[in-house]
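Data block below; observations after.
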Amino acid sequence: MTKSSLVQPMQALSSRRSVLLGAVGLGVMATTLTACSSGNPTLYTLSVVPGQPMPGGPRYVEVRQPSIASGLDRDRIVTQDTGYKLTVASADAWGDSLGGQISRTLAGDLAQRLPGSAVFAENDAAATEPDAYVDLSVTRFSQGPSGKAEIEASLSVQPAVAGAPSGNAQLYLQRIQVQGDSVTGTMPLVQALSQLLGQVADIAATQLRMMPPAPSATSGSDAGRSHTGPAASQR
């Protein structure tokens, strides 16, 4: 076999190898560009909305970390829930966990509506032993089947005993469904959900104002001594 007959197959093999390497390179480049385009989502956050400040309510109120339905508990924003299908934004995400945002925003809403109460979210560094707890279990936090912004949740408000929920008959529990206007786009949806969370705060604030004051251990012991003292002298 001559040298020229060996050179031609080697050149053909080299050309095919160059074409394959070029195709692989283009594939890697396309994957990299796709990753870059989807790796920087637009971040959104809920905001406190004004309400009607009124007197009354426990001295210290803790908004506990809410329970979030697993379909909603994700980084990307669920934009619509038809009951059978969840639509998730491709490039819009929450700036923090949804549960953390809801608890902090609801605490801010309640603090604005209860100026005489110190309201804080669970695990807040400035927290103290509360006199009452507010719990929220969220099952819808998006557009509903009608295209309107909706929040569906169970709200409970109850007094605290020794730093824990009392679990007695004073528990207030209500299934809540609040609905806003039809919205188009993520920013209007987040704004509408913030407004609806303010309505949830209105309901919770009303219940907190109706709650009887928490008895203090000192006043209770003093009352006991004043009762037994005169009764003993009369006997």
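- Side-chain contact, E122 with Q65: no donor N or O sits under 3.5 Å from an acceptor N or O.
- The only member of V178, V48, I102 that meets side chain to side chain contact (heavy atoms under 4.5 Å, CB included) when paired with L197 is I102.
- The two atoms that bring S47 and T105 nearest to each other are O-CG2, 3.5 Å, heavy atoms only.
- Once rounded to the nearest 0.5 Å, the distance linking CZ of R76 with OG1 of T186 reads 11.0 Å.
- With no hydrogens or angles considered, no side-chain donor-acceptor pair links R113 and T206 at under 3.5 Å.
- Residues A201 and D109 approach most closely at CB-CB, 3.4 Å, considering heavy atoms.
- M54 and V200 sit in two unconnected hydrophobic clusters of ILVMFWY residues. Membership requires side-chain heavy atoms under 4.5 Å apart, directly or through other members.
- D131 contributes a side-chain N or O that, together with a main-chain N or O of Y60, makes up a donor-acceptor pair within less than 3.5 Å.
- A continuous path of hydrophobic side-chain contacts links V78 to M187 [ILVMFWY only; heavy atoms under 4.5 Å].
- A single hydrophobic cluster is not seen to contain both V119 and V49; linkage of ILVMFWY side chains at heavy-atom distances under 4.5 Å, directly or through other members, places them apart.
- Q143 places no side-chain N or O within donor-acceptor distance of the main-chain N or O of S182, the cut-off being under 3.5 Å.
- The shortest side-chain heavy-atom distance between R140 and I151 does not fall under the 4.5 Å cut-off.
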Intermediate values then yes/no, side-chain contact (heavy atoms from CB on, under 4.5 Å), M211 and V157
CA-CA 9 Å; M211 190 175 293; V157 178; 3.6 Å; yes

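- Between P53 and Q112 there is a side-chain heavy-atom pair separated by less than 4.5 Å.
- Scanning both residues, S117 and G56, for their nearest heavy atoms gives OG-O, 4.0 Å.
- The shortest distance between side-chain heavy atoms of L171 and S156 falls below 4.5 Å.
- W94 places a side-chain heavy atom less than 4.5 Å from the side chain of I77.
- Between P58 and L208, the closest side-chain pair of non-hydrogen atoms falls below 4.5 Å.
- With hydrogens and angles left out, the side-chain atoms of S142 and E150 include no donor and acceptor closer than 3.5 Å.
- Side chain of T82 to main chain of P145: no donor-acceptor pair is present (N/O by atom type, distance under 3.5 Å, no hydrogens or angles).
- In this structure, CD in Q177 is found 10.5 Å from CG in L196, a value given to the nearest 0.5 Å.
- Side-chain contact between V63 and L110: present, with at least one pair of heavy atoms (C-beta onward) separated by less than 4.5 Å.
- Between L155 and V134 the shortest side-chain heavy-atom distance falls below 4.5 Å.
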Start with the C-alpha distance between S137 and R175, add both sets of side-chain angles, then the distance that settles side chain to side chain donor-acceptor pair (under 3.5 Å), and finish with yes or no.
CA-CA 9 Å; S137 179; R175 182 70 183 170; 5.9 Å; no

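- Separation of atoms CD (Q80) and CG (L86) is listed at 10.0 Å; rounding is to 0.5 Å.
- Contact of the P130 side chain with the F120 side chain is registered, since non-hydrogen atoms from C-beta on lie closer than 4.5 Å.
- One distance of note links CD1 of I68 with CZ of F141; it measures 7.5 Å at 0.5 Å rounding.
- Formation of a donor-acceptor pair under 3.5 Å by the T79 side chain with backbone atoms of T87 is found in this model.
- To the nearest 0.5 Å, atom CZ of residue R209 and atom CG of residue L114 are 5.0 Å apart.
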Evaluate the side-chain contact (heavy atoms from CB on, under 4.5 Å) criterion for residues Q179 and S146: first the C-alpha distance (whole Å), next the side-chain angles of each, then the deciding distance (0.1 Å), finally the verdict.
CA-CA 10 Å; Q179 188 178 81; S146 64; 3.9 Å; yes

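- Across all non-hydrogen atoms, the minimal contact from L173 to S154 is CD1-CB, 4.5 Å.
- Note: L46 CG to Q101 CD = 5.0 Å, rounded to the nearest 0.5 Å.
- Between D135 and R64 there is a salt bridge, since at least one side-chain N of the basic residue sits less than 4.0 Å from a carboxylate O of the acidic one.
- The residues D96 and R104 are annotated as salt-bridged, a charged nitrogen and a carboxylate oxygen being separated by less than 4.0 angstrom.
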